[in-house]
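This chain uses plain numbering: 1 for the first residue, then up along the sequence.
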Amino acid sequence: MTREIPSAPYTDETLVAYLDNQLSEPQRAQFEGQLAQDDVLAQRLVQMSRSNLPFHDAFGAMLQEAPVGKLQAALDAIPDTPVATSRRFSRRALLAASVSFLAVGLLAGRYSTLFTSDDNWRARVADYMSLYTAQTLADVYDSAGQQQTQLSRVQNALGIALTPAALAVQGASLKDARMLHYDDYDIAQITYLDRKYGPMALCITRSEHRGTTAQESEIRRGMNVVYWRHAGYNFMLIGHSPADDMATHAVALQANIRQVVS
């Protein structure tokens with residue numbers, strides 16, 4: 001079934017539908033008419049087209065649940081824009097544009113990202129963690145000396161002093177700690193391998209707010225998440241363990257971390 005699309009600015013679901021060839025010819029022509037004159041839309045499309053993440057799976061349910069009537073009305077209200085065949089954006093053209101944007105990103109010293117708010121860094125982490133399996137962490141060199149070296153790098157980057165003892169989680173082995181960078185966020189990712197449920201991670205990034213918040217739970221990419229804020233840092237525990245287990249782990253981690261971060 002062909003899906004109707006809303007007027008500009010287009011949502012991420014619409015971009016996914018375009019990349020997956022799920023738009024009708026009139027809808028595709030309308031979209032490409034806007035694409036030809038909207039640099040921001042073109043850049044968003046390039047960013048999504050070069051991603052290896054399964055966007056179609058992520059947005060498929062939302063596309064199926066789209067309010068067809070409202071979207072069709074919005075589409076009908078937009079004047080038709082003739083688009084020449086030569087203006088069609090092929091995968092090859094998108095790839096060439098991607099190379100150009102990548103070069104700009106390198107010169108600027110960072111990659112662009114679709115997620116910029118203080119909340120949505122968790123979505124970015126969840127996308128990344130969804131690629132992890134037990135095999136991903138099975139052969140990680142996890143000696144105590146190596147872990148302390150990695151945690152020292154975390155301290156240098158974020159100013160938070162952590163120890164393997166403070167990060168201990170019952171039923172899971174601490175594997176490693178690394179620094180990730182997503183747009184404006186420097187994120188410490190501390191990974192674990194739960195003996196029963198597989199990969200788990202505690203992720204930490206700076207916050208503009210120093211106040212402490214209570215722990216809250218959510219589900220992202222099929223994984224349970226517990227998040228909170230303390231002393232100018234955001235914390236996020238994510239994994240496949242049951243929600244109650246994750247909440248218990250988060251309480252223990254928060255108590256240990258409060259002893260070293262005030």
(Q) Applying the side-chain contact (heavy atoms from CB on, under 4.5 Å) criterion to Tyr233, which one of Ile257, Thr205, Ile160 satisfies it? (A) Ile160
Q) What closest approach, in Å, do Trp228 and Ala214 show between heavy atoms, and which atom pair accounts for it? A) CB-O, 4.1 Å
**Q.** Heavy-atom pair of closest approach, residues Leu158 and Ile204
**A.** CD1-O, 3.6 Å
Q: Please round to the nearest 0.5 Å and tell me the distance separating atom NE2 of His249 and atom CG of Leu202.
A: 12.0 Å
**Q.** Reported CE-to-OG1 distance for the pair Met129 and Thr191, which is rounded to 0.5 angstrom
**A.** 7.5 Å
Q: Can you see which heavy atom on Asn224 is nearest to which on Met246, and at what distance?
A: O-CE, 3.4 Å
Q: Report the distance from atom CD of Gln254 to atom CD of Gln215, rounding to the nearest 0.5 Å.
A: 4.5 Å
Q: Would you check if Val226 and Val251 make a side-chain contact, meaning some heavy-atom pair closer than 4.5 Å?
A: no
Q) Are Ile238 and Ile219 in one and the same hydrophobic cluster, where Ile, Leu, Val, Met, Phe, Trp and Tyr link if side-chain heavy atoms are under 4.5 Å apart? A) no
Q | Geometric cation-pi criterion, Arg124 with Tyr185: 6.0 Å, 45° | A | no
Q. Are Phe235 and Val260 joined in one hydrophobic group, where the rule is that I, L, V, M, F, W and Y side chains link up if heavy atoms are under 4.5 Å apart?
A. yes
Q. Okay, side chain of Gln147, backbone of Asp142: is any donor-acceptor separation there less than 3.5 Å?
A. yes
Q. Quick one: CD on Gln150 to NZ on Lys175, what's the gap to the nearest 0.5 Å?
A. 11.0 Å
**Q.** Check against side chain to side chain contact (heavy atoms under 4.5 Å, CB included), Leu167 and Leu151
**A.** CA-CA 10 Å; Leu167 297 170; Leu151 291 174; 3.7 Å; yes
Q: Grab the two heavy atoms, one from Cys203 and one from Gln189, that are nearest each other, plus how far apart they are.
A: SG-CG, 3.9 Å
Q.
Could you report the tightest heavy-atom contact between Ala172 and Tyr192, atom names first, then the distance?
A. CB-CB, 4.1 Å
Q) After noting the C-alpha distance and the side-chain angles of Leu162 and Gln155, does the key distance pass the side chain to side chain contact (heavy atoms under 4.5 Å, CB included) rule? A) CA-CA 7 Å; Leu162 300 170; Gln155 182 177 2; over 6 Å; no
Q: State the CZ-CE distance between Arg220 and Met236, to the nearest 0.5 angstrom.
A: 6.5 Å
Q.
Under a 3.5 Å distance rule, please check whether Gln27 uses its side chain to pair with a backbone N or O of Ser24 as donor and acceptor.
A. yes
Q: Tell me yes or no: between the side chains of Thr133 and Thr136, is some donor less than 3.5 Å from an acceptor?
A: yes
**Q.** Short N-O contact, Asp127 and Arg221, less than 4.0 angstrom
**A.** yes
Q.
Around atom CG of Asp244, are there more than 12 heavy atoms from other residues, nucleotides or ligands closer than 6.0 Å?
A. no
Q) Is a side-chain N or O of Arg153 found less than 3.5 angstrom from the main chain of Arg178, in a donor-acceptor match? A) no
Q: Would you give the length of the straight line joining atom CG of Leu253 to atom CD of Gln170, rounded to the nearest 0.5 angstrom?
A: 11.5 Å
Q: Check Asn256 against Ala168 and note the closest heavy-atom contact, atom names and distance.
A: ND2-O, 4.5 Å
Q | Same apolar cluster: Leu180 and Val140, side chain cutoff 4.5 Å | A | yes
Q: Indicate, with yes or no, if Tyr197 and Met200 share a hydrophobic cluster defined by side-chain heavy-atom contacts under 4.5 Å among Ile, Leu, Val, Met, Phe, Trp and Tyr.
A: no
